[in-house]
Every structure is written in C-alpha cells, then in structure tokens.
**Student:** 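Provided herewith is a single structure, encoded as structure tokens, for subsequent inquiry.
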Amino acid sequence: MTLTRLRGFQDLYGAHAAAFSRVEECTRRIAARYAFGEIRLPLLEHVELYRRSTGETSDVVEKQMYAFADRDEAETMIALRPEGTPSVVRAYIEAGLDRSDPEQRFYYTGPMFRRERPQKGRYRQFYQFGVEVFGRADAATDAELLIMIDDLRRELALELMTEVNSLGCGECRPAYRARLLEYGRAHLGELCKDCHARLERNPLRILDCKIDVKLAEGAPKALDHLCAACRKHFDTVVDLIAKAGVPHVVNPRIVRGLDYYTRTAFEVTSSAVGAQSAVVAGGRYDGLVEALGGASVPGTGFAIGVDRMALALEATGKATSAEGPIAIITMGDDAMRRGIELAHELRSRGLNVALLSPERGLKALLKRADKIGASHAVIIGPDELARGGAQLRDLAQSQQREVRLEDIAAALSASAKPD
RNA sequence: GUGAGUGUAGCUCAGUUGGCAGAGCACCGGGUUGUGGCCUCGGUGGUCGAGGGUUCAAGUCCCUUCACUCACCCCA
C-alpha cells in the first residue's frame, strides 16, 4: 500500500463518523438555544493574524503551523488555521461590529490544523466547535457558557469535570506574575529543565507542570492575589454555576499564557480519552479584540475538541444505534425493475431503503440484509410478481406474509409506528 | 523535537533452538432448486513493513530505514 493518509490525519467512517456527527449536531442545537448565530470562516488566514493573537513565541505559531507562501505572491505568508478564535475576532473587527454593534454571539465548527506529533485525542487535522461572545464583561455571561457546556454533557450522558480559575486582570495580574517569578527563582534548583525555560517565557505555565507538582502546589495562587473587582467576578461565576448544578472544582493550576486572557479560565476534562484529557477549554479574553486592532471590547468563549468529545462518547459504549433499512430483494430482471420502483416509492415516504444486488442468490441476500441490520426484507420473485405481490419478511420475528405491491408502504409504515 | 512499545491474511493474533507461514473472526460457496442469524463442510486471501547482512537455510539473528501506537513537549 503506497497511497496512505498523511501522518496524523484521519479517515472517519462508521461508528467514528456517527459519534462526530452526534456531537456536532448536539452542539449546534444547544448553541442555537443559547442565542448564538453561526459564523463560517476561512480555512486559510494570513500568518500575521496568528502571530498577533496566538502569540509570536508560542509553539503553535513557531513550530506547528502549516504555513507557506501564497502562489505567485511570495511575500504573502498564509497558514491553515490552527484555531478558530483569531478568525472570529478578525471577522468581527473587519465587519466593523466592534464599533457599530459590539454585542455579538457567534459559534463556529470545523477542522483546524497543527503539525504536532500525533497521539490519542490529538491529530494534525482536528475539529473544534467554538463559541465567542463579544461586548459582555459580566460574570453571568461566563457562567452561561459553563452551564451551556454542562447541557451538552447531560445530553450526551458523559462523565466530565469542569475546572475553573481566575487569572486576574491588567490591574492585579502584573503583581501576581512578579510574585510567581520570584517564587520560581527562589526554587530554581528544584525546578525541572522545562520549567527553567517556562519561567522566563511564560511563568504561569510552571503551575501545570507534570513533574514539579509539589512545587506548583506550594506556589502563589492567582486566586489569592485578585483585585476586588476580579474577586467579585470570580465568586459570582462560581456561585452561578453551583446554583445551576454544574459539577465543578476550583483549580488554581488552570492557566493561559498570553496577556489578553483575563479573569475566568476553565477546562472541562474527561478521564476516558487518554492523556489529552481536556475536551473543552475556554475563558475570558478582554484584551484580544483591542490587541488585534479593534475597539476595546471584552470577549469570552470556549472551544470543544470534537475529536475528544466523540472519543468520550464512544467510550460510553452507547453512542448510537442507527435505524436499519428496509432491504429489497429481487429475483430476475422484471422483479428488479419493479424493485427499483418500489424503493423509490418507499424512500419518498421517508423510509430508509437498501436495494440489494439482483445478481446474487436469495440466501446470500438475506444474509446481507441481516448484516446491514435491516428490519424487514421485501422479496420479489417471478411468482410474486405474477400475482402483483411480494413477500414482506420481518427479520427480527422471522415471520413473513405476502402483501400486494401497492400495499407494502402502508404495511411498513404501520409496523414502524409502535416504536 | 524527545522517549517507549508494536509491525506476520481484510481484522485480532500465534509462530518453540534458525528448518514446508498458521488459527480465530470476516469474506465467497456447498449442506437447503426461493429464505438470514446457530451448526457443519470447503474455498479465496501473504512483498512476514522495507532494504541490506550472517547462514546450506531467516518471520526468527545483526545493521539500516519506514510506519503505526502511546506518552513527554505544547495546548485557542
């Protein structure tokens, strides 16, 4: 086999595709219920967009983007989108909404691309469903997002845990950051090699190091250094989700690297999907719109890792059992011609119909009908055709009777009703 | 980018000290002239990941390489 899919890219079919569709369908439905409108975005953007939003020094921008020169315009560097938020913010500003109509609620869904080393729940083309709210700085909006995610958890019957934290704002974070840096430098000898690099580049990240767990636990917490306004915002969010019955824990080690993230940060995790356990991540980014050249408008949102959510759904073992089709089995050329007419008639009534091969034997075709999960088989042979009828076989009950061809649809509709 | 594990039939895997490449499942057919699942009999199906080496002889030993999986790293 010389033609294979690229590393880290997936072909999705059967149960996997069904789980994906189920997650996407469910998220769309819930987003509409929360008054979000869809935004459809390009797969390609200027590299510059990600440099300025995701961050010049982030691994995503530095090492993981599929970036290349646009054909015939070598000076224009473009990239396959590694995430959705920058495009949404760019579109929002580009449409002038930040000035003309700042309060907006968008959702998007689709593939993202990052050239990482693949592992369970992490692929080079992965799918995200995300929402962004602009123009709302209140805690109720943050809480609503968490409640919305919990609706999804309930509808998919998943076991997930929501972890929340607050990162503070421009007022209180600089002082906290300095305290953390001080703490890190004081314990330099005890920190792992990766954390030495983190300390300089992105000090908050030492908090979620998997090696220096003990040290991270003893580190100063952002929650203990919040200004009064941030404290009140955070307490309100936690209070609101608690009252809404959202299972959650406060985790001071939930962090974000870049300065435009403010206040609320959260992750939702599943224990069923491997080491890459975050199925949702989100939070507030009051500085992002302005950082990308727009007005000073607050923002908050989240993105769901559809791949991981689908994995979690499949792990429950009760993903979906699609309704089986009606199998039409014909013997002989005349029967085949009548069979394809009947198939069309049944389909026009909304039934799911599989017209089986006219070139194989009855025994093989019944076996085939069984394999594809057909509920009924309609068997038309020369004898039946001569009488203007067909055998209608209930495959689960192993019972069959002859029905006139014009009555098949009614008979099938009647037997489908009791469910 | 780093590390570990695994590559043998479509799938899951066995293969002893180096000695004729196997099983189960799946697929196709017979047992049943037009009736599925269960049973039974048979059949199709192989670049043993690839390349090189050692040997009378390599799936098995050595070297190189590729791929997959998981974890690290990173993570809107």
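Residue numbering restarts at 1 for every chain, and letters A, B, ... go by the order of the sequence lines. Quantities reported herein were computed from a predicted structural model and do not represent experimental measurements.
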**Student:** Go through the structure and list residues passing side chain to side chain donor-acceptor pair (under 3.5 Å) with A:Q119, not counting sequence neighbours.
**Tutor:** A:R122
**Student:** Just to verify, what does A:A178 make a side-chain contact (heavy atoms from CB on, under 4.5 Å) with, not counting sequence neighbours?
**Tutor:** none
**Student:** Report, as a single string ordered 5' to 3', how protein heavy atoms within less than 4.0 Å touch nucleotides 1-9 of chain B: B base, S sugar-phosphate only, - not at all.
**Tutor:** BBB------
**Student:** Under the side chain to side chain donor-acceptor pair (under 3.5 Å) rule, collect the residues that match up with A:H16, sequence neighbours excluded.
**Tutor:** A:E314
**Student:** Checking A:S21 now: which residues fulfil side-chain contact (heavy atoms from CB on, under 4.5 Å) with it, not counting sequence neighbours?
**Tutor:** none
**Student:** What pairs of residues pass the salt bridge (charged side-chain N to carboxylate O under 4.0 Å, His left out) test when at least one of them lies in residues 360-371 of chain A, not counting sequence neighbours?
**Tutor:** none
**Student:** Applying a 3.5 angstrom cut-off to the pairing atoms, does RNA chain B sit in any stems of at least three consecutive Watson-Crick or G-U pairs? List them by first number.
**Tutor:** B:1-7 with B:66-72, B:10-13 with B:22-25, B:27-31 with B:39-43, B:49-53 with B:61-65
**Student:** Show each protein N/O and nucleotides 41-46 of chain B N/O combination with a separation under 3.5 Å, one pair to a line.
**Tutor:**
none

**Student:** side-chain contact (heavy atoms from CB on, under 4.5 Å) with A:M148: which residues, sequence neighbours excluded?
**Tutor:** A:I30, A:A31, A:Y34, A:F36, A:V131, A:F302
**Student:** Pairs in or reaching into residues 179-189 of chain A: which pass salt bridge (charged side-chain N to carboxylate O under 4.0 Å, His left out), with residues at least two apart or in two chains?
**Tutor:** A:R185-A:E200
**Student:** My understanding is that only residues two or more places apart in sequence, or in another chain, count here; which of them pass side chain to side chain donor-acceptor pair (under 3.5 Å) with A:Y108?
**Tutor:** none
**Student:** Among all residues two or more places apart in sequence or in another chain, which pass the side chain to side chain donor-acceptor pair (under 3.5 Å) test with A:Y107?
**Tutor:** A:R28
